[in-house]
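Here the structure comes first, spelled out in structure tokens, and everything after it is commentary.
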2 protein chains.
Amino acid sequence: MKISAQEEYGLRCLVQLANLNAGESLTLPQIAEREGISTANAGKLMWLLNKAGFVNSTRGTKGGYFLARPAGDIYLNEIIKVLDEDVLSSHCDSYTGVMDKCVHTGDCGIRPVIVGLHEIVENALSRITLASLVGSESSVDAMFHKIQGIHRTIEPQGI
Amino acid sequence: MKISAQEEYGLRCLVQLANLNAGESLTLPQIAEREGISTANAGKLMWLLNKAGFVNSTRGTKGGYFLARPAGDIYLNEIIKVLDEDVLSSHCDSYTGVMDKCVHTGDCGIRPVIVGLHEIVENALSRITLASLVGSESSVDAMFHKIQGIHRTIEPQGI
DNA sequence: GCAAATCATTACTTTTTGGTCAAGATTAAG
DNA sequence: CTTAATCTTGACCAAAAAGTAATGATTTGC
């Protein structure tokens, strides 16, 4: 279970845009340079993010990319879903081995764990906005642990 | 962020072995058939799991695979780490774009989120044993939600 | 000891993902 | 209107992951 290259770089490009002041924009070469990737690759990523509605662009001289919505209104789970093509809904169609359908039809002991894991990740990401990734590593770290709160196994009290 | 094929099938093969009674074992063709994968693929997976110490094997007629430890002593985080090659520790070396090193040296706003996510997943998996994946889907689902407990963002009380 | 069944290991092929290239379209500036 | 800068798009190439095949080693049963 890992972050794909597309998720990583796509997210990083968006953070660059989140750093901008109102009215500013970044060109593909600028984005590419700031993230250490090729201009062509930045172009592909921004194309995806544009299609998905996270960024807008203007062409021509003085053109560039900028966020389509305030960074505080964009949650990481939405971003990841686009960059990773929402794989949860197709899980059981993807891992069918050499068969047409997964052998575990009907009753499957693995599925609740896979689904549950994805829920946990989704839940964690849905609490974080792009805006909160702007800042120093220590401040983002503090934000993350504060937002995720204290996760422990507790029995509901008095329910 | 998704489960890889190796994680999925490897885990499923182990669950098959967890279903056995003491003294029983399964051959590669048997494992392959029960999971709907090819014998060659099952062979590769079991080789990995054998190297990692999760299973033992005996060769020759009446040979086969069986768990090296009780299913109740094997936690999913250990399994996933082997099947996915513990990618967290090498994250910043993997996503360097066209550069030799990641441009975000020293201070990185993405890293705490990546690390935090992996911690959350690791934490969830470290509470689940192979043994608890044996059973019906509904029972495994109930186990999962009970073990993960109630996750909410709560402020520490009186600390 | 021999044959059959089985695992072990490495090399190879296929598929998927990641990344690049090139031609086209749009815009701003002069 | 022309040019230069920029995004857009689809085709293409490369790298990584997944899966297959083939050969070798070990064990059991006769």
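Sequence lines set the chain letters: A, B, ... in the order given, protein chains first and strands last, and positions in each chain run from 1. Any value given below was found using the heavy atoms of this structure, including those in side chains, with hydrogens, waters and symmetry copies removed.
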Closest non-hydrogen atom pair between B:D84 and A:M1, with its separation
OD2-N, 2.6 Å
Nearest-Å distance, CE (B:M46) to C1' (C:dT10)?
19 Å
Nearest-Å distance for atom pair CG/C1', residues B:D84 and D:dA16:
13 Å
B:N123 vs B:E119 side-chain heavy atoms within contact, under 4.5 Å:
no
Would you tell me if any nitrogen or oxygen in the side chain of A:K44 comes within less than 4.0 Å of OP1 or OP2 on D:dC7?
no
D:dT20 OP1/OP2 closer than 4.0 Å to side-chain N/O of B:S38
yes
Between atom OH in A:Y95 and atom P in D:dA17, what is the gap in whole Å?
13 Å
Just how far, in rounded Å, is P of C:dT15 from CD of B:Q6?
19 Å
Quick one: pull up CG in B:L49 and CG in B:L17 and give me the separation to the nearest 0.5 Å.
8.5 Å
Nucleotide of C:dT26, C:dT20, D:dA18 approaching A:R59 most closely (side-chain heavy atoms)
C:dT26
Figure out the OH/C1' separation between B:Y65 and C:dA5, and round it to whole Å.
13 Å
A:K62 has a side chain; which of D:dC7, D:dA18, C:dA29 sits nearest to it?
C:dA29
Using heavy-atom distances to pick each residue's nearest nucleotide on DNA chain D, tell me which of A:S57 and B:A5 is more 5'.
A:S57
Check every atom of D:dA4, D:dT28, C:dT20 against the side chain of A:A40 and return the nucleotide holding the closest atom.
C:dT20
Nearest-Å distance, CG (B:L48) to P (D:dA18)?
11 Å
Applying the side-chain contact (heavy atoms from CB on, under 4.5 Å) test to B:L76, which of B:T129, B:L133, B:L14 qualifies?
B:L133
Assign A:G43 to base, sugar-phosphate, or nothing according to its heavy-atom contacts below 4.0 angstrom with the strands shown.
nothing
Look at all strands and tell whether B:K2 reaches a base, only sugar-phosphate, or nothing, counting heavy atoms closer than 4.0 Å.
sugar-phosphate
B:L26 or A:Y9: which one's nearest nucleotide on DNA chain C is closer to the 5' end?
B:L26
Rounded distance (Å) that lies between atom P of D:dA15 and atom CG of A:N41:
14 Å
Apply side chain to side chain contact (heavy atoms under 4.5 Å, CB included) to A:F54 and A:R69, showing your working.
CA-CA 7 Å; A:F54 293 116; A:R69 297 185 264 152; 3.4 Å; yes
In whole Å, I'd like the distance from the CG atom of B:L49 to the P atom of C:dC7.
14 Å
B:E8-A:H91 side chain donor-acceptor pair, cut-off 3.5 Å
yes
Out of C:dG18, D:dG19, C:dA5, which has the shortest distance to the side chain of B:T61?
C:dA5
Is the phosphate of C:dT9 approached by B:W47 (side-chain N or O, under 4.0 Å from OP1 or OP2)?
yes
Would you please confirm or rule out a distance under 4.0 Å between OP1 or OP2 of D:dT8 and any side-chain N or O of A:N50?
yes
Closer to the 5' end of DNA chain C via nearest nucleotide, is it A:G60 or A:I37?
A:I37
